[in-house]
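Written out below as structure tokens is the structure these notes cover.
Just so we're clear, the structure is a prediction, and the values are computed from it rather than from any experiment. The chains referred to below are lettered A, B, ... by the order of the sequence lines, with proteins before strands, and numbering in each begins at 1.
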There are 6 protein chains.
Amino acid sequence: MSGVVVTRIERADAAVISRLGEHGVATVHEAMGRLGLMQPYMRPIWPGARIAGSAVTVLAHPGDNWMLHVAIEQLKAGDVLVVALSAENTDGMFGDLLATSVQARGGLGLVIDAGVRDVRTLAELKFPVWSKAISAKGTVKATLGSVNIPVVCAGAAVNPGDAIIADDDGVVVVPRRKAAAVLAAADKRTQNEDDKRRRLAAGELGLDLYGMREALAKAGLRYVETLDEV
Amino acid sequence: MSGVVVTRIERADAAVISRLGEHGVATVHEAMGRLGLMQPYMRPIWPGARIAGSAVTVLAHPGDNWMLHVAIEQLKAGDVLVVALSAENTDGMFGDLLATSVQARGGLGLVIDAGVRDVRTLAELKFPVWSKAISAKGTVKATLGSVNIPVVCAGAAVNPGDAIIADDDGVVVVPRRKAAAVLAAADKRTQNEDDKRRRLAAGELGLDLYGMREALAKAGLRYVETLDEV
Amino acid sequence: MSGVVVTRIERADAAVISRLGEHGVATVHEAMGRLGLMQPYMRPIWPGARIAGSAVTVLAHPGDNWMLHVAIEQLKAGDVLVVALSAENTDGMFGDLLATSVQARGGLGLVIDAGVRDVRTLAELKFPVWSKAISAKGTVKATLGSVNIPVVCAGAAVNPGDAIIADDDGVVVVPRRKAAAVLAAADKRTQNEDDKRRRLAAGELGLDLYGMREALAKAGLRYVETLDEV
Amino acid sequence: MSGVVVTRIERADAAVISRLGEHGVATVHEAMGRLGLMQPYMRPIWPGARIAGSAVTVLAHPGDNWMLHVAIEQLKAGDVLVVALSAENTDGMFGDLLATSVQARGGLGLVIDAGVRDVRTLAELKFPVWSKAISAKGTVKATLGSVNIPVVCAGAAVNPGDAIIADDDGVVVVPRRKAAAVLAAADKRTQNEDDKRRRLAAGELGLDLYGMREALAKAGLRYVETLDEV
Amino acid sequence: MSGVVVTRIERADAAVISRLGEHGVATVHEAMGRLGLMQPYMRPIWPGARIAGSAVTVLAHPGDNWMLHVAIEQLKAGDVLVVALSAENTDGMFGDLLATSVQARGGLGLVIDAGVRDVRTLAELKFPVWSKAISAKGTVKATLGSVNIPVVCAGAAVNPGDAIIADDDGVVVVPRRKAAAVLAAADKRTQNEDDKRRRLAAGELGLDLYGMREALAKAGLRYVETLDEV
Amino acid sequence: MSGVVVTRIERADAAVISRLGEHGVATVHEAMGRLGLMQPYMRPIWPGARIAGSAVTVLAHPGDNWMLHVAIEQLKAGDVLVVALSAENTDGMFGDLLATSVQARGGLGLVIDAGVRDVRTLAELKFPVWSKAISAKGTVKATLGSVNIPVVCAGAAVNPGDAIIADDDGVVVVPRRKAAAVLAAADKRTQNEDDKRRRLAAGELGLDLYGMREALAKAGLRYVETLDEV
């Protein structure tokens, strides 16, 4: 599947994606059944960045950013560029010129399992990036990869058109066909959280709020005054 | 010692802890004889965070945050939650709900040899955390650990009631019984530093201020104009 | 070459260094033929730091900062202290007192393949540092190293008097004798970039701007509507 | 898809898998178009181990090996157990008892993105394992995962029934439907390699054998006697 | 506690230590309640090494092996040298001369949270070492540490006289006072394992042997023929 | 200096190199004044490998092994190929075909700051390799690097013609012009070591053999029976 650009992809529903983004990564990941997270080494290059969009995927080779130029032509408004690598790499494959081009096409940001550069300018542009590294190391344009094929990015499987939610907690991938169901689960979870937050802030203990005491006792938890009793 | 909660611990003196906090981690670590530091991978999740408190310790298992709920009941005002893991782990074991609960109990912050999530909210709450990772990965509540037993957190031994000092330079642990002596040593060290800072700022060299020239010469240091002389 | 301080070094031209600094690390690295970068683990301790100066080099041993005091005497206005280690190390070899001394001598900042501490104060002083780690771990003064000899710092060869350019993208080393030629190449490159940025912002594709379509087709790139066609 | 065991999977053709195994990982990976490799941190626990089998996949949680017991029931002769984790983990999730059980079911070996233990006994049993770590850390049986669903293991997407080829060079995944085509490409590649090996052993240069000289000259390669000429 | 050598320590019972060693690290760690393991980066420098002994502890500084010479005088027959570092370090602090001296004193081997060298000779001498790294980097003799004080080595708390069990699975520490109780638990566990091994080898499933089916069903595990049913 | 092949280099004296090799890496590194070591992540791919040769250097780019073919033409009998990368990389840039070609030219082995593959065959060929990684990941032939220019490999500066000594302890670089002086220092050191080994084996303590007791006492070392005395 190398050297292929898929031009017609289906995207997750934009309204659903947007509302998933409001929930944030931690809640969406829980609503997914604790799945879909990229590795925690994927960090935002400036604090506070948040995006929710539809994936345009790229498979590139270490030290080569040729396919990123190819991918940008496939971007539509609301898309996020998701770049997977065929092997470990930290080179700075993306900088302010590519960001300018992504923004001109309506792209929302970048998720890349490699490095980026020009990070000061990217922060000034408010262009959101989650990457494995920051590196000025330049790249070549020599080897074909592919665009809009299934990829593995930072340990997560991503298909073109999947919803990508990213914030300070990391990046989570929601399969396109599950987006609505995950949103419903996230909505439910958030309602619960607001109530819990109020009660915890009032001093109620999680032990009581979640009714944990019985299960803990059953598991054998012992309360002692000092370790000498053990 | 698994499955035990020790309910009666002695805490380091609050006034001593507070003054240790004013000295900061680097000075306290020096006053300790260059001991007691956690590994440098323990980083604050927002810049400028500073705390000094008394440790309530937790031993938890990878991917399981059950004991954190148990530990919060043991917190008193001025305490810091110190969470050690029985094996390497980066899961997000702590988020904004638990932080709300810790604050409601008067807890000052968290030191955890694993991951945390909801970091944007934690920063807004000004809730200080030093952690190994940021990760949205959720956890289960299935396996007993212990609370207020001696633990090893990020390479440092911590006993319940020890003083925990943390700032942008990292986290240092001061054994409860040594807290007063360490404070005295830190006080002395800081006085010296202010004088040194003034003299260095005025252009005096450390070589002269610390009287290093003789020892360097004795050790064989040679000054040459160019490497050709060597 | 251990235990040697070279006192007479030639420095790259100050005006050239200054203009290289305006270009920034990514551009200078490209102008160098994609060489000269330090490893990407070298990160600024506060965001936005930028320097361009002439290297005063130090070779030190793990856990020992004796030679940093020796090196400060060799600093002139516009110099950057570049500290290489004889083995992997993360100890906090440099703090606010040494920074005060460097600034008093006209030094611009620090690049160190180890740790630093007092980072809050260093940020308040606007003292720029690129380091491998932040650590409060204190050091001793027991073993001779050398000053102003050729060193390898974070994977890059540095000779005393080389130009050091550092910003949010990392650190690049420009050999003294090549500084003028690299500047010329960087000037040319930047002019091109401004034009490209305008055209990309206007929606032109990199594929067209850089004339990539023919080469991609020749390499065998296929556009398909769906993967079923492959 | 958590808490699901798929009981009816299609497997790649056993004869094809066996012949892929004879080619070895490096050749198969090349025949795949340089795709399908797991991360290089996946290493055999004893040197010389080689397997080729059909994947039975497991998704497990950090510190929990419950689903491995579930998966073993699904093994048929010639299968390889491929264990993916929902988050980073090095715990020893698999030891000699599980290996005994896998062998009794006809399973060939284990590929696991976490740790294993009892490695001395596993080596004596000649039970092949590729893992991220060796660790005696024990695990619990508390949380559901899934068996025979699509997973990401060590950076590679694996579907149940895919061919898994593993040797001293690492682990490569061949999608079930592509196995025959990849075998054909590998066969062709190996024939070429034998001829090349003979000619290279006889002293012929790769520059000539592969006809690289013209392309190198065109790219601008210069031969000089000394660097002074540059 | 820097600069102290404790000369009178109590050791765990030699017969108990020896029998713990026969159980091996994984079993002893389980018998401890899944505690006491050093980090998995601690690896034997030659395969098949196994020891069980009583700890003589050392706290040393990065790049400085002075205290190892001091510690050797404190060794008795059956002791294991356990070297903790005050900060991260990979220098080669120990080589064949020190090993010769340890063996001459009746010491059994070395556990060190740093590097070693002369590993070929150490293997020829059958001198067992578990270390964080192999490195030829030499060290100095300049700074005091301590001998036979409580230390943290590779994430585990070690007191002088604790039992140290090490094999291909890693290193586990058994507190001196718990050694007999841990041995009893390990004995019981091993008996169980032999029976389990026989039954698993005969084809019985862990699901049945451990009676897991009911708990799995209760937790919600679903068996489906294909994913389409989910 | 990209795209350059230097064809006329001076090599260190073959007899000197050979005798340095007999001393081994640890001794040569000490004789160098504890300098010249590559990072400890450089490991032999099979145990017991040892070489001593003259460096032919290569600067290559991540994922591209074109220049290795160019470099092999420059090899003479007794040379070692030393491959530096312009950025971090673990791809398998070298395999059995290239090894066959190196051996046909009289080359002794490979030192590479990246990955290698076909390691089983390389071990069978007794072809010695020190590398950062083992990876089947294939590479392209697209971008020029250089041959026989000064490089930084795994943290060490290497000039063409320098002596490369490698064994189980790692890799050390001896500058060509210092080779004879380093050999003399190594000879002297080894004589001393043989005498020390005998005395230590006979039970003499390093404390007495090296006369350390006075210096330790002067530094403040205290011997106590128990910690209560401290």
**OP:** Name the region of C/Leu216, side chain, backbone, both or neither, that has any atom closer than 4.5 Å to a heavy atom of chain A.
**Re:** both
Original post:
Contact part of A/Leu144 toward chain C, heavy-atom cut-off under 4.5 Å: side chain, backbone, both or neither?
Top reply: side chain
Original post:
By a 4.5 Å heavy-atom criterion (distance strictly below it), what part of A/Ser101 contacts chain C: side chain, backbone, both, or neither?
Top reply: both
Original post:
With chain C, which of A/Val147, A/Asp96, A/Asn148, A/Thr90 has the greatest number of heavy-atom pairs at distances under 4.5 Å?
Top reply: A/Asp96
Subject >> C/Tyr41 portion near chain A, given a 4.5 angstrom heavy-atom threshold >> reply: neither
Original post:
Donor-acceptor pair, A/Thr7 side chain versus C/Val224 backbone, under 3.5 Å?
Top reply: yes
Original post:
Given a strict heavy-atom distance threshold of 4.5 Å, which part of C/Glu30 is in contact with chain A: side chain, backbone, both, or neither?
Top reply: side chain
Subject >> Interchain contact, A/Gln74 with chain C, by part (heavy-atom threshold 4.5 Å) >> reply: side chain
Original post:
What do you reckon, is CD of C/Glu10 surrounded by more than 12 foreign heavy atoms closer than 6.0 Å?
Top reply: no
Subject >> Test item: C/Arg197 side-chain N/O and A/Thr100 main-chain N/O as donor-acceptor pair under 3.5 Å >> reply: no
Subject >> Among the listed options C/Val171, C/Leu205, C/Val25, the residue most often paired with chain A at heavy-atom distances under 4.5 Å >> reply: C/Leu205
Subject >> Test: C/Asp167 and A/Arg120 ion pair at under 4.0 Å >> reply: no
Subject >> Side-chain donor or acceptor of C/Asp169 paired with backbone N/O of A/Val119 under 3.5 Å >> reply: yes
**OP:** With a 4.5 Å cut-off on heavy-atom pairs, point out which of A/Arg105, A/Gln103, A/His69 contacts chain C the most.
**Re:** A/His69
Original post:
Looking only at heavy atoms, which two atoms of C/Glu225 and A/Val6 are closest? And how far apart?
Top reply: O-CG1, 3.1 Å
Subject >> Most chain A-contacting option - heavy-atom pairs closer than 4.5 Å, from C/Gly24, C/Ala201, C/Gly170, C/Gly206 >> reply: C/Ala201
Subject >> Part of C/Glu204 within contact of chain A (heavy atom distance under 4.5 Å) >> reply: backbone
Original post:
Non-hydrogen atoms of chain C under 4.5 Å away: do they reach the side chain of A/Thr139, the backbone, both or neither?
Top reply: backbone
**OP:** With a 4.5 angstrom heavy-atom cut-off, could you sort out which part of C/Leu221 is near chain A: side chain, backbone, both or neither?
**Re:** both
**OP:** Test C/Asp168 against A/Ile134 for side-chain contact (heavy atoms from CB on, under 4.5 Å), laying out the working first.
**Re:** CA-CA 8 Å; C/Asp168 290 299; A/Ile134 291 170; over 6 Å; no
Original post:
Considering only heavy atoms, which portion of A/Asp91 lies under 4.5 Å from any heavy atom of chain C: side chain, backbone, both, or neither?
Top reply: neither
Original post:
Under a 4.5 Å heavy-atom cutoff, which of C/Arg213, C/Met212, C/Arg199 has the most pairs with chain A?
Top reply: C/Met212
**OP:** Select one option (side chain, backbone, both, neither) describing which atoms of C/Arg43 are under 4.5 Å from chain A's heavy atoms.
**Re:** side chain
Original post:
What option among A/Ala142, A/Gly115, A/Ala133, A/Ser135 has the most heavy-atom pairs under 4.5 Å with chain C?
Top reply: A/Ser135
Original post:
What's the shortest heavy-atom distance between C/Leu37 and A/Ala136, and which atoms?
Top reply: CD1-C, 3.5 Å
Subject >> Residue pair C/Thr226 / A/Arg8, side-chain heavy-atom distance below 4.5 Å >> reply: yes
